Amino acid sequence: MATKLKVAGTWGGILEVELENWTLTMLRDEVANRSGLDPESIKLICAGKILKDDGDHTKTLAQLGIKENSKILSSRGAAPDEGKAIIAEEERSRRLSRLKAAATALSKRHADGSLPIEDYNIELEDQGGQQVKFGTETDQSAAMMGLMLHAKAKSLIETDMYVDALEVLAMAEESFLLCDPKILELVDNIPIMEIDIVWCYFLLRDIKCLSDAGFRLEKARKGLERAHGKDLSRVRLLQAGQCPELALYVRLELLEGVVAYHTGKNDKALNALKSAHAKLLQLQIPDETLSVVMGMGFQEKDAKRALRLNNKDIATSVNFLIEERAKRAQKHKDDLQRQKEILEQKTYGVTPMNKAVDMQMLDRLVLIGYARDLAAESLRRHENDFQKALDALTSPEVNSSIQVYIESRKRKRQEQHVGITVDELVSMGFERGQATSALVVGGKREDIIQRLLSLPAANPGTASASGSDFTANGASASGSALTENGGATSSTNNEIGEDSEMEDGTANEIPTNGEEEERDVATNGEEEERDLEIEGDIADEIAKVDALSAYDINLDKEVEAINEYLVMLDASQDSG
């Protein structure tokens, strides 16, 4: 017997149902069908309660307490799949935000020279292999951030994550726009980025982006001509006839042909696609030739690159690969040296303007004859001004005060390391000079106390003027030590401490204990806030990049697309 139910909400009207035969699933399906929604996204409410069958899909509407003329409210909730999609989108958005924040942090540390040891040193080179010099830190930071994000976007393209890649490419573009355009004209990074953006449009088959695609391809073409020369003339000249960029032009001309086809310019499309096809034939490597080179122990990607660059000649390609391997080994060695320098930089702290110590200027001062830590501290205080740092070092009073500060800082760090201070040892009854020397030798707290207990007791009521320094084997040495530049400093000076004023008026140049601690806390805080996971991802992508990696394009998709559009052009000509 049919019964009428009044439904309101996502769909409103009267439904005729059989309460003894209809189930909740049947009712939900009917409401969904009339409202055009997914049944899983609909909640049915009666008498203020959500209708549920508790997994028993055989229960009838009558068994669930629904009566004739009952009022049913239909409410739309998120379907399970839709809910998962929302969560996935939120997670994706968070990860992209983290990516941008991590790239920003890395680029800033790169620009001011304060990169930690585990980060990579990135350099921008022109087509001749010459390092591009940046005018300002803003230029450097912006370009570095753009390069990092572009590298990440390329990896997303390789894993078919084109929507994510587009968002990261937009971030990269935003970063590059902050850099001086004259600097970026020297390299082809921006044109390659434009091509990568349009490539994502194409792989997503996003026809609505056609006008933007055409604009970007025009910019890419002009940018490549600036960097590579007309018909790649500059590239061939600089690279001894080699042309690794050819694969990039296959993609560019394919995309130009696609845009021309979809805007009704069939002649232009045909010319572009034929040109791309001709270049493609130049780049195709016979399987047997590739197998021979790979059989000599080289990776497929490297073997393809070498054969493309050397006109598919096996002997020349193998020699090229051996040279490249040697270059990579040298680069690895240089990177390790750079990391070592960065680690050393960190031990010197930062200048009042928060800059790292300039290592080249430090090397110059060391060559003159000054101790390395002494020269570094002078540069740090004087904002890396070489002349001011040198003037300070040549002043006996200032030189001496810097040495006292360095010894004080070393002692403080040693105290922090072993967990006991000179003052604590003195309060235990040990003589100050011996306590200081014991800390210099180092060791655990218990070892230091035991070492001091084994010494002859100092004369009561007598303070040591020079103190006895412990050496690593427990013997004592004199209380003063000559520095590399010939100056002398006492290792235990009771009259001039870390916080005392210097007679030469340089007290303001020397951080007090509080200032030193604040600087340590700030540094630690910055490291704690770093997103190591995302920075690690970025570093991994950067590690894969070399001077030619931008042109290592897998052309399988290009082959398929060129053939597809040539067939469509033939069909349109036949129908015309």
Side-chain angles (χ1 to χ4, degrees), residues 1-100 156-157 159-171 197 200-213 258 261-264 564 568 571-572 575:
M1 180 178 171
T3 300
K4 293 181 179 180
L5 296 179
K6 296 178 180 178
V7 181
T10 58
W11 174 81
I14 304 294
L15 278 183
E16 289 190 359
V17 303
E18 295 181 6
L19 296 178
E20 301 296 335
N21 294 322
W22 278 48
T23 64
L24 181 60
T25 300
M26 293 168 65
L27 178 60
R28 185 183 290 116
D29 287 345
E30 183 64 26
V31 173
N33 181 52
R34 292 176 182 249
S35 60
L37 297 173
D38 184 341
E40 294 295 324
S41 71
I42 291 177
K43 293 178 182 178
L44 298 179
I45 301 168
C46 182
K49 294 182 180 179
I50 298 175
L51 295 176
K52 295 180 181 178
D53 54 18
D54 298 321
D56 184 357
H57 301 307
T58 64
K59 281 187 176 182
T60 66
L61 296 179
Q63 289 172 321
L64 293 173
I66 299 176
K67 301 175 182 179
E68 186 175 2
N69 293 321
S70 289
K71 293 182 179 179
I72 306 293
L73 176 63
S74 169
S75 172
R76 185 177 185 271
D81 289 343
E82 187 179 349
K84 290 178 183 177
I86 291 171
I87 293 172
E89 179 60 27
E90 288 176 350
E91 175 57 31
R92 172 177 166 276
S93 179
R94 277 195 296 271
R95 191 162 186 84
L96 289 172
S97 296
R98 288 173 62 196
L99 174 64
K100 185 174 183 179
L156 291 169
I157 292 172
T159 53
D160 301 336
M161 299 176 69
Y162 308 124
V163 174
D164 284 5
L166 274 173
E167 291 207 33
V168 177
L169 285 166
M171 295 179 197
I197 290 172
C200 288
Y201 291 163
F202 172 72
L203 294 171
L204 289 168
R205 302 291 174 165
D206 195 344
I207 300 299
K208 69 178 184 294
C209 291
L210 270 177
S211 59
D212 185 54
V258 169
Y261 173 81
H262 286 290
T263 52
E564 175 190 351
M568 287 195 295
S572 64
S575 63

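It should be emphasised that the depicted structure is a prediction, and the values quoted were computed from it without experimental measurement.
For residues 19-36, the pairs satisfying salt bridge (Lys or Arg N to Asp or Glu O under 4.0 Å) are Glu30-Arg34, with sequence neighbours left out.
With rounding to the nearest 0.5 angstrom, the CG atom of Leu166 is 7.5 Å from the SG atom of Cys209. If you take CD1 on Ile50 and NZ on Lys52, they are separated by 5.5 Å, rounding to the nearest 0.5 Å. The CD1 atom of Ile42 sits 4.0 Å away from atom OG of Ser35, with the distance rounded to the nearest 0.5 Å. Separation of atoms OG1 (Thr25) and CG (Leu44) is listed at 10.0 Å; rounding is to 0.5 Å. If you take CE on Met26 and CD on Glu18, they are separated by 8.0 Å, rounding to the nearest 0.5 Å. Of the inter-residue distances, the one linking Leu15 atom CG with Lys4 atom NZ reads 11.5 Å to the nearest 0.5 angstrom.
Checking Asp164 against Tyr162 by side-chain atom types alone, no donor-acceptor pair falls below 3.5 Å.
For the side-chain contact (heavy atoms from CB on, under 4.5 Å) test, residues two or more places apart in sequence or in another chain that qualify with Gln63 are Lys59, Thr60. Legend: residues meeting salt bridge (charged side-chain N to carboxylate O under 4.0 Å, His left out) with Glu564, ordered by chain and number and at least two apart, are Arg205.
Contact annotation: the side chain of Tyr201 approaches that of Asp212 to within less than 4.5 Å [non-hydrogen atoms, C-beta and beyond]. The side-chain heavy atoms of Leu5 and Lys71, taken from C-beta on, include no pair separated by under 4.5 Å. For the pair Asn33/Val31, no side-chain contact is recorded, criterion being any heavy-atom separation below 4.5 Å from C-beta on. Two residues are said to be in side-chain contact when any heavy atoms from C-beta on lie closer than 4.5 Å; Cys200 and Leu169 meet this criterion. Side-chain contact between Leu61 and Thr23: absent, with no pair of heavy atoms (C-beta onward) separated by less than 4.5 Å. A 4.5 Å side-chain heavy-atom check between Ile72 and Ile45 finds every atom pair outside the cut-off.
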Legend entry - Stepwise side-chain contact (heavy atoms from CB on, under 4.5 Å) check, Leu203 with Asp160: CA-CA 9 Å; Leu203 294 171; Asp160 301 336; over 6 Å; no

